[in-house]
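Just so it is clear, the model here is predicted, and its values are computed rather than measured. Atom set for the values below is all heavy atoms of this structure, side chains included, hydrogens, waters and symmetry mates excluded. Each ligand, and each atom within it, is numbered from 1 in the order the structure gives.
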Amino acid sequence: MSNAVENTLFEHPILNVIHLLNTIAQENPAAISLASGRPDDEYCDPALIDKGLARYRQHIASTELSLTTLLCQYGKTSGIINEIIADYLYVDEAITISNPENIVVCMGFQEACTLTLLSLFEGGGILLVPDPVFSGVTGIAKLLGIKMLPVPMVTFLDPTALRRLAEELESKGEKIRALYAIPDFSNPTADSLSYPAREAMLRLANELNFFILEDTAYRYFRYEGDEIASMRSMDSRRVFLLGSFSKSIFPGLRMGYVVAPEGAGVMPFSARLCKAKSLITVNTPALCQAVVGGLLIENNYSLKSLNQPRVLSYTQKRKHMLECLERAFPSKGDSQPTVTWNHPAGGFFINVHLPFVFGQAEMNECARDFRVIVFPTSLFSVTNEAVNQVRLSFSNATATQTTQAIGRFKTYVESRLGKVPS
Ligand SMILES: Cc1ncc(COP(=O)(O)O)c(C=O)c1O
């Protein structure tokens, strides 16, 4: 008798992307990695742990609360720093939270997203996602058996095209339950939604009665242009705000949160989120919450000044990578350039278009033989979109590494073009 478990869902490549990103560099130690969107090691400062914890202890000492109970016991499911996060969202984002219990402190965005999907999709419905997009969302949606509709990024960014698609879907009797968006500097393509596109998306959500899941992971990292209001600050009734401290403090904390929609007549989702959380992680580690809470208090409920040196550094890194790309692949007068890329106003990534297909096999070949790791954008697609694109991350490479990595990548591209008949 076989005790083999059927593996179908778990074989889906989208479920392997985060693991692949976290291991590919270790598997190719001689290669320079531009693959993972890690924040710069230089700013992942362990001293922040002591600083945050000390400030939180001081904060608790000025209250009636017991540090022993708060830090050492099982804790309240929704979290122990909800009020601090509410103040922080007001200071940095002009978001007013009427009840801090509508915030659930989570183990990173990943848990926030999982709980949100669980709380929303019990009765079925469709999740609209841009395509390609961060596999943290599409992977967990697949695992939970949620029906997704991947929307090509050009359609997603165009309010008229998006409305047409959504209305067509609903006219066929399909119900859109939620739409996932990274309005500021998406992963992997670093696209952003304009203010009018955000307004139009919210209008559509209100008309067709679906929710927006707003992921703000890269929001602090704008290198040019004016800040655009977050969708949650524009509409508190329609938007689940999914926040992460992975890029704005550091990812080892595994800290994030979800803010449930609020307003008269709005379903109180926080009870559902907490029930799901109590069965998945019970509560978010109090020590990690204390570090974040203390750092927020210490910084007057804002992460802007803490992140200012990072923003300056990433601005330089982005500029340097763009210059390296220009040197490696100069445009030749009138003829069509063979390699092109975008110039994102923020985020951690530059997305490059190649004149040939670049998938996982090519990534492995490039890492092994050319000692540079670049990540196929198509691995973030659930429809095998973007097959000739690669995502380059500039966030955690030094200038020297970037120069060398782009040089090696140029050699790889030239070798491929030499093989391709003209
Ligand atoms: C789009 C997006 N959202 C969220 C996150 C952060 O997730 P977490 O808070 O689970 O580290 C990332 C990290 O790569 C991301 O790219």
Classify the ring geometry between Phe240 and Phe269 as parallel (under 30°), tilted (30 to 60°) or perpendicular (over 60°). perpendicular

Per-atom contacts, ligand 1 versus Ala217 - under 4.0 Å to a heavy atom: 2 (C), 3 (N), 4 (C), 5 (C)

Contact partition for Phe109 relative to ligand 1, non-hydrogen atoms under 4.0 Å: both

State plainly whether the residues Glu323 and Lys319 are in salt-bridge range, i.e. N to O under 4.0 Å. yes

Numbered in order shown, the ligand 1 atoms found under 4.0 Å of a heavy atom of Ser244 are 6 (C), 8 (P), 9 (O)

Once you restrict to heavy atoms under 4.0 Å, what part of Phe245 touches ligand 1? Side chain, backbone, both or neither. neither

With a cut-off of 4.0 Å, which atoms of ligand 1 are near a heavy atom of Gly108? 9 (O), 10 (O)

Going by the angle between their ring planes, with limits at 30° and 60°, are Tyr223 and Phe394 parallel, tilted or perpendicular? perpendicular

For atom 15 (C) of ligand 1, which protein heavy atom lies nearest, and how many Å away is it? Tyr218 OH, 3.5 Å

Please check whether Asp215 reaches ligand 1 - meaning an N/O of the residue sits under 3.5 Å from an N/O of the ligand, judged on distance alone. yes

Would a 4.5 Å heavy-atom cut-off, applied to side chains only, mark Leu306 and Leu48 as touching? yes

Salt bridge between Arg310 and Glu42, side-chain N to carboxylate O under 4.0 Å? no

To atom 14 (O) of ligand 1, the nearest of Lys247, Arg38, Arg254, Met107 on a heavy-atom basis is Lys247

For ligand 1, which atoms sit closer than 4.0 Å to a heavy atom of Gln110? 10 (O)

Heavy-atom distances under 4.0 Å are what count here, so tell me which part of Ile182 touches ligand 1: side chain, backbone, both or neither. side chain

So which of Pro39, Ser393, Ser246 gets nearest to atom 11 (O) of ligand 1, if we judge by its closest heavy atom? Ser246

Check: Phe409 and Leu354 side chains under 4.5 Å, non-hydrogen atoms: yes

How close do Ile182 and Phe185 get, heavy atom to heavy atom, and via which atoms? CG2-O, 4.2 Å

Does Arg177 make a cation-pi contact with Phe210, if we ask for NZ or CZ under 6.0 Å from the ring centre and within 45° of the axis? no

For atom 12 (C) of ligand 1, what's the nearest protein heavy atom and its distance? Phe134 CZ, 3.6 Å

